[in-house]
Novice: 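This is the structure I have questions about; it appears just below.
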There are 2 protein chains.
Amino acid sequence: MSDVTVIKIAIVGVGKIAQDQHVPSIKGNEAFELAATVSSRDGLPGIENHAQLTDLLEKRPDIPAVALCMPPQMRYEAASLAIEAGRHVLLEKPPGATIAEVQDLVERARAKNVSLFATWHSRFAAGVPAARAWLAERMIRHVRITWKEDVRRWHPGQAWIWEPGGLGVFDPGINALSILTEILPEPVHLVQSTLEVPDGRQAPIAASLRFRGPAGLTVEADFDWRQTGPQTWDIEIGTDTGSLSLSKGGAELTIGGRREMTEADVEYAGIYRRFAELIDAREIDVDLAPLIHVADAFMLGRKITVEPFEE
Amino acid sequence: MSDVTVIKIAIVGVGKIAQDQHVPSIKGNEAFELAATVSSRDGLPGIENHAQLTDLLEKRPDIPAVALCMPPQMRYEAASLAIEAGRHVLLEKPPGATIAEVQDLVERARAKNVSLFATWHSRFAAGVPAARAWLAERMIRHVRITWKEDVRRWHPGQAWIWEPGGLGVFDPGINALSILTEILPEPVHLVQSTLEVPDGRQAPIAASLRFRGPAGLTVEADFDWRQTGPQTWDIEIGTDTGSLSLSKGGAELTIGGRREMTEADVEYAGIYRRFAELIDAREIDVDLAPLIHVADAFMLGRKITVEPFEE
């Protein structure tokens with residue numbers, strides 16, 4: 001049976017992604033009501049704000065769900081408090097700063113019988129389900145990922161992305177890996193990783209990865225944060241019976257040169273539809289595969305120092 | 001029912017660890033017979049050698065098990081060939097160069113119904129089982145790991161340890177983490193990591209880690225490869241009812257200041273006893289926790305460049 005009560009939800013961390021995506025997606029979904037925010041700085045106009053998550057958890061026991069949108073380095077602490085307080089938790093991507101902490105959250109959520117949703121927004125891009133279905137019946141030969149964007153445009157003033165745990169160019173790159181791991185019928189593993197790190201920074205500004213999979217499948221991925229002008233978020237796949245491409249981050253699907261579908265800005269609507277289902281069923285949806293590939297890329301990475309990055 | 005047939009086994013990669021530990025441990029275990037080696041250079045006196053693993057697999061179908069002792073960067077390729085050929089596989093530590101490739105081996109071993117054993121030799125140190133049992137009944141407050149050794153003494157001429165995938169000081173440090181994850185009743189996760197990387201090298205020569213666990217538990221670990229003179233492999237643990245220490249890599253156990261046990265060089269004998277059990281039961285024993293902590297330490301690591309290392 002579906003729960004017809006509207007689910008009150010609070011957003012924790014009201015930075016760019018919360019304002020651009022989470023607020024409108026929650027407001028556009030009848031299953032949810034945006035009841036409060038948590039931010040140590042300003043909240044949002046017309047919405048109750050708490051300076052601390054502990055305040056919210058204490059004062060608003062009627063809010064059963066939280067969406068955690070702060071930088072990944074602070075996500076574990078907040079998630080474990082919320083789970084301990086019996087709340088359902090949505091995690092922005094990446095779900096944490098380490099693999100082990102996300103595994104730990106899964107155990108805690110299980111013990112408290114609450115939902116935990118590690119979101120990968122790019123998996124909700126319009127072309128992804130059809131790409132997955134088409135690939136399921138084919139022998140995949142080669143995948144080429146090109147994920148190039150302008151860090152100044154997408155991450156203005158976000159110092160945390162260059163700090164340990166901020167992941168650098170893997171912050172967007174993990175979106176490509178989340179699509180890859182969703183649409184391939186069988187897993188791949190990293191065999192080579194080159195990380196370009198600006199002099200004086202901790203995180204890479206570019207990365208070049210090579211994966212292998214079953215039956216000779218190879219995947220090449222190029223991530224770069226130095227692209228000005230048009231932005232590129234493309235995945236091209238060659239199979240035994242034709243080729244497929246996902247472009248615009250998965251919003252456009254082309255098969256055998258023919259455009260199958262184009263639909264922008266559906267990702268976060270899909271995320272909140274899924275979160276409502278998970279809460280209704282008290283289920284956990286945490287796939288660590290994209291984060292594991294990123295950790296592997298750091299562990300196996302050959303580091304090259306490149307020119308300093310000045311914002 | 002136990003299988004009383006002696007299990008023929010081949011060692012692949014006959015470097016230092018194979019000669020120091022695997023050969024005598026196999027010879028000292030009645031369940032096994034060392035039937036061959038694989039090495040592109042020289043084999044061992046009096047033992048049949050094959051230059052390539054594929055030769056061994058083709059020419060000796062009567063050898064059902066292999067122990068893979070080559071550097072981790074080459075382990076996946078060999079393991080997947082051996083599994084594909086229906087052989088039981090023992091992996092030296094670390095089990096691979098990436099987390100994803102080891103997960104993949106587990107799936108392949110399952111599909112072929114062969115045993116796969118990701119060994120963590122330090123878990124077989126004499127004091128570990130008793131430490132685990134003693135800690136299971138206590139509230140653990142603090143763990144301090146000091147793992148300091150002389151890289152020139154233990155890894156002479158091993159260029160691979162400084163290359164991507166060689167893990168640097170985590171090659172010994174992962175032994176400490178394998179004990180930690182074995183003896184703690186609940187998991188911990190990394191919250192801080194500092195990596196000291198020699199100028200011009202890819203892998204850290206020292207690392208300082210901080211973990212957190214349940215109920216305020218903290219773990220501090222210091223790994224250093226620059227220690228000359230006496231070598232230090234110590235784990236000290238404070239609990240609500242007394243303290244415990246494991247020293248000499250787990251060979252010595254002291255509880256409340258009283259020496260409980262000292263026994264050196266039992267690790268690999270324990271590994272081969274376990275491998276015989278796993279083969280008999282067609283079981284898989286792969287715990288990724290130590291490798292996950294290392295990958296997390298690279299992903300979350302703050303890197304500091306230190307003076308060049310010259311062998």
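Each chain gets a letter, A, B and so on, in the order the sequences are listed, and its residues count up from 1. Side chains included, hydrogens not; waters and symmetry mates left out as well; all remaining heavy atoms used. Here the structure is a predicted model, which means the values were calculated and not measured.
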Novice: Within the distance-only criterion (no hydrogens, no angle test), does the side chain of B/Glu311 pair as donor or acceptor with the backbone N or O of B/Gly157 below 3.5 angstrom?
Specialist: yes
Novice: Do B/Phe309 and B/Trp162 have ring centres separated by under 6.0 Å?
Specialist: yes
Novice: Top residue by heavy-atom pair count (under 4.5 Å) with chain B, among A/Pro187, A/Ala97, A/Ala203?
Specialist: A/Ala97
Novice: Side chain, backbone, both or neither: which part of B/Gln103 has a heavy atom under 4.5 Å from chain A?
Specialist: side chain
Novice: A/Lys93 side chain to A/Asp171 main-chain N or O, any donor-acceptor pair under 3.5 Å?
Specialist: yes
Novice: With a 4.5 angstrom heavy-atom cut-off, is it the side chain or the backbone of B/Glu101 that approaches chain A, or both, or neither?
Specialist: both
Novice: For the residue pair B/Phe223 and B/Lys148, establish whether any side-chain heavy-atom pair is separated by less than 4.5 Å.
Specialist: no
Novice: With distance as the sole test, does A/Asp296 use its side chain to make a donor-acceptor pair with the main-chain N or O of B/Ala100 at under 3.5 Å?
Specialist: yes
Novice: Counting only heavy atoms closer than 4.5 Å, note whether A/Val188 contacts chain B via side chain, backbone, both or neither.
Specialist: backbone
Novice: Could you tell me whether B/Arg226 and B/Glu196 make a salt bridge, using a distance below 4.0 angstrom between a side-chain N and a carboxylate O?
Specialist: yes
Novice: Anything in residues 204-222 of chain B with a heavy-atom distance to chain A below 4.5 Å? Please list those residues in order.
Specialist: B/Arg212, B/Pro214
Novice: Is the closest side-chain heavy-atom distance between B/Met70 and B/Ser40 below 4.5 Å?
Specialist: no
Novice: Over 60° means perpendicular and under 30° means parallel, so tell me whether B/Tyr76 and A/His189 are parallel, tilted or perpendicular.
Specialist: tilted
Novice: Do A/Leu246 and A/Trp233 have side-chain heavy atoms sitting under 4.5 Å apart?
Specialist: no
Novice: Under a 4.5 Å heavy-atom cut-off, does chain A meet the side chain of B/Val197, its backbone, both or neither?
Specialist: neither
Novice: Backbone N or O of B/Pro308 within a donor-acceptor pair of the B/Asp199 side chain at under 3.5 Å?
Specialist: no
Novice: Taking the six-membered ring for Trp and the full ring for Phe, Tyr or His, determine whether the centres of A/Trp147 and A/Trp154 are under 6.0 Å apart.
Specialist: no
Novice: Kindly indicate whether the side chain of A/Ile161, heavy atoms from C-beta on, has any atom under 4.5 Å from the side chain of A/Val151.
Specialist: yes
Novice: Give me the contact list for residues 107-120 of chain B versus chain A, heavy atoms only, anything under 4.5 Å, ordered by residue number.
Specialist: B/Arg108
Novice: Is the side chain of B/Arg302 donor-acceptor paired with the backbone N or O of B/Leu195 at a distance under 3.5 Å, no angle test?
Specialist: no
Novice: For the interface with chain B, which of A/Leu190, A/Asp104, A/Val191 has the highest count of heavy-atom pairs at distances below 4.5 Å?
Specialist: A/Leu190
Novice: Check each atom of B/Phe170 against the heavy atoms of chain A and say whether the ones under 4.5 Å are side chain, backbone, both or neither.
Specialist: neither
Novice: Which answer fits B/Glu163, side chain, backbone, both or neither, if we ask what part of it has an atom under 4.5 Å from a heavy atom of chain A?
Specialist: side chain
